[in-house]
**Q** 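Here it is, the structure in full.
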Amino acid sequence: MSVDVTLKDGSVQSFDRPPFGLEIADNIGKSLAKKAVAIRVNGDLVDLTRPIERDAIVEIVTRDTREGLDLLRHDAAHVLAEAAKELFPETQVTIGPSVENGFYYDFARDAPFTPEELERMEERMREIVNRDEQIVREVWGRQEAIEYFRGIGEEYKTRIIEDLPRDEVITIYRQGDFVDLCRGPHLPSTGRLGKAFKLTKLAGAYWRGDSSNEMLQRVYGTAWSGEKELKAYLRQLEEAEKRDHRRLGKHLDLFHFQEEAPGSVFWHPKGWTAIQTLIRYMRAKVLESGYEEVNTPDMMDRSLWEASGHWEAFGENMFTSDTDKDRTLAMKPMNCPGAVQIFNNRLRSYRELPLRLAEFGKVHRFEPSGALLGLMRVRSFIQDDGHTFCTESQITGESKRFCQLVREVYRDLGFDDIHIKFADRPPKRVGDDSIWDTAEKALEEAAIATGLDYTLNPGEGAFYGPKLEFVLRDAIGRDWQCGTLQVDLNLPHRLGAYYIAEDSDKHTPVLLHRAVLGSFERFLGILLEHHAGALPFWLAPVQVMIATIVSDADDYALELAESLRLHGVRLDVDLRNEKISYKVREHSEMKVPVMLILGRSEAEERTVTVRRFGTKKQENLAFDDTVETLARAAGEAPRSAFRTNTP
RNA sequence: GCCCAUAUAGCUCAGUCGGUAGAGCACUCCCUUGGUAAGGGAGAGGCCAUUGGUUCGAGUCCAGUUAUGGGCACCA
């Protein structure tokens with residue numbers, strides 16, 4: 001019996017018996033064999049140690065590919081499980097997949113692991129790698145597997161097997177004395193894992209991801225194809241930590257949190273300036289896009305929330321007040337019911353549609369304590385909210401208009417890498433399928449019209465309608481979901497909204513909920529991390545710092561400051577008795593976009609030395625030119641503004 | 001909400017075996033007027049998150065609470 005395998009380059013290797021992936025790799029080259037982690041046989045990933053029984057098209061998968069790395073990480077999880085079982089035999093294993101940047105394994109045991117035990121497990125993992133144990137695949141009978149795992153007290157593994165489909169082939173991987181249920185494939189031996197891994201953290205995690213189940217002990221680790229990659233990853237973590245908006249918020253004196261108001265921000269003057277600048281910008285953009293701005297009450301009677309359905313669905317996350325003994329008032333977690341009241345306040349004609357109401361409303365949500373995270377997840381925040389009342393046939397046009405707005409805003413704010421997620425009908429929903437058809441088609445058409453990438457999230461829509469979600473990628477490659485467009489086929493009806501159509505009858509409008517930035521608080525957090533704290537000129541709380549070299553220049557500095565201030569430039573003056581290098585250092589650390597440096601010669605010649613953030617270059621300008629340039633920059637739209645922080 | 005960790009000066013952090021709290025930066029004052037990332041000196045600043053317990057004695061050990069962080073669950 002002979003087997004021919006065809007390689008990626010079209011060449012063929014012939015064997016007179018079923019070959020192993022390892023042999024094929026070896027025939028191609030030693031270095032490839034060294035990097036190989038699996039082989040792709042007619043499209044399926046297969047162990048390097050498994051014979052290839054018949055002719056096939058094959059491709060060696062190496063550790064430096066996406067798939068190879070996943071496999072490597074999965075192996076790391078197995079080695080971790082082996083280490084845990086050796087050290088703590090009473091611990092039960094459950095599941096251990098590869099994840100982005102690494103892997104984890106969930107264990108069941110009475111007491112959580114301690115940080116010391118984490119270290120011991122990592123040491124043991126290195127021993128297991130050094131032992132270079134063969135990893136052997138075996139096919140077992142279903143009953144045999146259940147009895148085996150039950151016999152050794154592995155209840156979770158037993159349950160996993162019991163829940164597998166009847167016809168599933170049960171495969172077992174054996175490495176040393178450790179035997180685990182696994183689909184595979186795996187490396188030929190533990191030695192191939194290499195040294196580029198590290199256990200990183202301990203966490204609790206619910207069995208099967210369900211909070212009503214017991215909590216397991218999760219051990220996270222990271223693993224890479226080589227030590228260079230591991231180091232690069234650890235460096236990247238450090239970089240992300242430096243950009244952490246919580247650190248920057250403190251350092252740049254933007255905001256703080258304190259115990260008395262968990263999840264709510266104390267905005268300092270500089271932080272609030274940035275927020276207000278963002279709001280001003282968004283206000284101009286939405287007015288330009290055909291919205292009118294409204295404002296609705298922060299607290300409204302419980303009955304309204306019952307009518308809207310919020311009380312039942314989200315009541316547990318709403319703050320309430322019983323100051324008035326006779327009624328319960330609730331803080332708004334969303335602005336939409338208020339917007340509907342404005343729509344309902346008088347009879348509406350179809351001629352008014354689409355009616356676009358924008359609201360920069362502050363909402364309060366009682367988020368679970370464990371969910372709070374700096375500015376990213378808070379209990380009260382300002383939304384750049386908007387509600388459009390329209391007819392079914394207007395959904396497409398309105399959606400396109402909104403997608404256009406989102407694109408412009410994101411581009412203005414410096415985000416060019418954007419994609420859209422389209423969430424269509426969930427199994428449980430309200431409304432006829434025909435109107436879902438219309439709504440989904442409208443959103444999809446609008447998404448396509450943007451020319452941006454979009455992906456389908458099947459069944460992820462809200463019960464009241466499908467939605468688009470706008471995701472942007474920041475400077476260090478992280479994705480943030482910010483904008484959203486949701487069609488609501490439910491709320492207008494629930495709150496009795498209607499308009500008089502051409503046929504003189506009452507019709508229920510469709511409501512579009514939409515936000516571009518989402519929450520101003522969170523978006524500023526994203527901007528801070530994106531820019532590593534160095535906000536662009538138009539957004540910087542302090543745009544210009546005037547620093548003197550000698551006190552003889554003080555009067556001149558104050559004159560320049562006054563002139564710039566009159567032209568709308570946000571600035572500070574540093575007349576302190578300090579050396580100029582000291583001042584430069586300090587204001588550079590505060591990431592002020594422009595420093596104007598004044599010494600004796602500037603004062604005498606009525607010039608200004610300009611130093612922009614991120615560069616050491618100095619520029620000497622006349623007094624009037626400086627004022628004019630900076631005044632123009634301060635008045636300009638964000639995108640075209642004085643780009644000072646991109647050297 | 002659940003699991004784990006953490007909480008010391010405005011900030012970043014040290015504090016051994018339980019014996020009355022320390023550094024650097026920032027701040028105030030003095031000297032220095034110096035040309036592009038830290039000039040020098042002096043001073044002030046702490047109910048060691050909070051409540052209780054153990055102890056002759058607690059920043060330190062134990063328990064509760066709160067907040068924060070990392071995860072899980074949640075995210076209208």
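Proteins come first, then strands; the chains are lettered A, B, ... in the order of their sequence lines, and each starts at number 1. Remember, it's a predicted structure, so these values are computed and weren't measured experimentally.
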**Q** Expressed as a whole number of angstroms, how long is the span from A:Met215:CE to B:C2:P?
**A**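 So the CE-P distance, A:Met215 to B:C2, works out to 9 Å.
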**Q** Quick one: is B:C11 close enough that its OP1 or OP2 comes under 4.0 Å of any side-chain N or O from A:Lys250?
**A** no
**Q** Among residues 595-606 of chain A, which contact RNA chain B at a heavy-atom distance under 4.0 Å?
**A**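 Residues of residues 595-606 of chain A that come under 4.0 Å of RNA chain B are, in numerical order, A:Ile597, A:Gly599, A:Arg600, A:Ser601, A:Glu602.
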**Q** Could you tell me whether the phosphate oxygens of B:A26, OP1 or OP2, come under 4.0 Å of any side-chain nitrogen or oxygen in A:Tyr582?
**A** yes
**Q** Between the side chains of A:Glu469 and A:Lys467, is the shortest nitrogen-to-carboxylate-oxygen separation below 4.0 Å, so that they form an ion pair?
**A**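 Judged by the 4.0 Å cut-off on N to carboxylate O distance, A:Lys467 and A:Glu469 do form a salt bridge.
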**Q** Do the ring centers of A:Phe103 and A:Phe197 come within less than 6.0 Å of each other?
**A**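 No; A:Phe197 has its ring centre 6.0 Å or more from that of A:Phe103.
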**Q** Between the base of B:C4 and the side chain of A:Arg218, is there any donor-acceptor pair under 3.5 Å?
**A**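 Absent.
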**Q** Output the single nucleotide from B:A76, B:G71, B:U68 whose closest atom is nearest the side chain of A:Phe314.
**A** B:A76
**Q** How close or far is atom P of B:G69 from atom CZ of A:Arg247, stated in whole angstroms?
**A**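 Distance check: A:Arg247 CZ to B:G69 P gives 13 Å.
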**Q** Using only side-chain N and O atoms of A:Ser369, determine if any of them is under 4.0 Å from OP1 or OP2 of B:G1.
**A** yes
**Q** Within the structure shown, what part of the strands sits under 4.0 Å from A:Phe257 by heavy-atom distance: base, sugar-phosphate, or nothing?
**A**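 Nothing: the residue A:Phe257, judged by heavy atoms under 4.0 Å, touches no strand.
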**Q** Side chains of A:Thr296 and A:Glu359: do they bring a donor and an acceptor to under 3.5 Å?
**A**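 Looking only at side-chain atoms, A:Glu359 and A:Thr296 do form a donor-acceptor pair, the distance falling under 3.5 Å.
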**Q** Kindly say if A:Arg576 contacts the phosphate of B:C27, meaning a side-chain N or O under 4.0 Å from OP1 or OP2.
**A** yes
**Q** Starting at the 5' end of RNA chain B and moving along, which residue's nearest nucleotide shows up first, A:Leu372 or A:Gln618?
**A** A:Gln618
**Q** For a quick check of understanding: with a heavy-atom distance under 4.0 Å over all strands, which category does A:Tyr104 fall into, base, sugar-phosphate or nothing?
**A**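 Answer is nothing: A:Tyr104 stays at 4.0 Å or more from every strand.
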**Q** At under 4.0 Å between heavy atoms, what does A:Thr609 touch on the DNA or RNA strands: base, sugar-phosphate, or nothing?
**A**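 If one applies the 4.0 Å heavy-atom cut-off, A:Thr609 turns out to touch a base.
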**Q** What heavy-atom pair brings A:Pro466 and A:Ala439 nearest, and what distance separates the two atoms?
**A** CG-CB, 3.8 Å
**Q** Is there a donor on the side chain of A:Tyr206 or the base of B:G1 sitting less than 3.5 Å from an acceptor on the other?
**A** yes
**Q** Charged N to carboxylate O under 4.0 angstrom, A:Arg246 versus A:Asp244?
**A**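 Yes.
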**Q** Is a donor from one side chain sitting under 3.5 angstrom from an acceptor on the other, for A:Thr200 and A:Thr222?
**A**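 Per modelled atom types, A:Thr200 and A:Thr222 side chains form no pair under 3.5 Å.
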**Q** In whole Å, what is the span from the CZ atom of A:Phe107 to the P atom of B:G71?
**A** 19 Å
**Q** Under 4.0 Å, heavy atoms only, any strand: does A:Gly209 hit a base, just the sugar-phosphate, or nothing?
**A**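 Sugar-phosphate only.
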**Q** Output the rounded distance in Å from CZ (A:Arg246) to C1' (B:A67).
**A**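 Atom-to-atom, A:Arg246 to B:A67, this comes out as 14 Å.
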**Q** Considering heavy-atom distances to RNA chain B, does A:Arg365 or A:Gln217 have its closest nucleotide positioned more toward the 5' end?
**A**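 Mapping each residue to its closest nucleotide by heavy atoms, the 5'-most match is A:Gln217.
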**Q** In dot-bracket notation, what is the pairing pattern of RNA chain B, taking Watson-Crick (N1-N3 plus N6-O4 or O6-N4) and G-U wobble (N1-O2 and O6-N3) contacts under 3.5 Å, with [ ] crossing and | for other strands?
**A** (((((((..((((.....[..)))).(((((.......))))).....(((((..]....))))))))))))....
**Q** Are more than 12 heavy atoms, taken from residues, nucleotides or ligands other than A:His419, located less than 6.0 Å from that residue's NE2 atom?
**A** yes
**Q** For the rings on A:Phe88 and A:Phe107, is their centre-to-centre separation under 6.0 Å?
**A** no
**Q** B:A37 P sits how many Å from A:Lys591 NZ, rounded?
**A**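 Value for this atom pair: 16 Å.
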**Q** A:Asn213 CG to B:C3 P: how many Å, rounded?
**A**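 It is 15 Å, rounded to the nearest whole Å.
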**Q** Taking the six-membered ring for Trp, are the ring centroids of A:Phe381 and A:Phe523 within less than 6.0 Å of each other?
**A** no
**Q** Specify the separation, in whole Å, of atom CZ of A:Arg612 and atom C1' of B:A37.
**A** 19 Å
**Q** Using a strict threshold of under 4.0 Å (side-chain N to carboxylate O), is an ion pair present between A:Glu559 and A:Arg606?
**A**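 Answer for the salt bridge query: yes.
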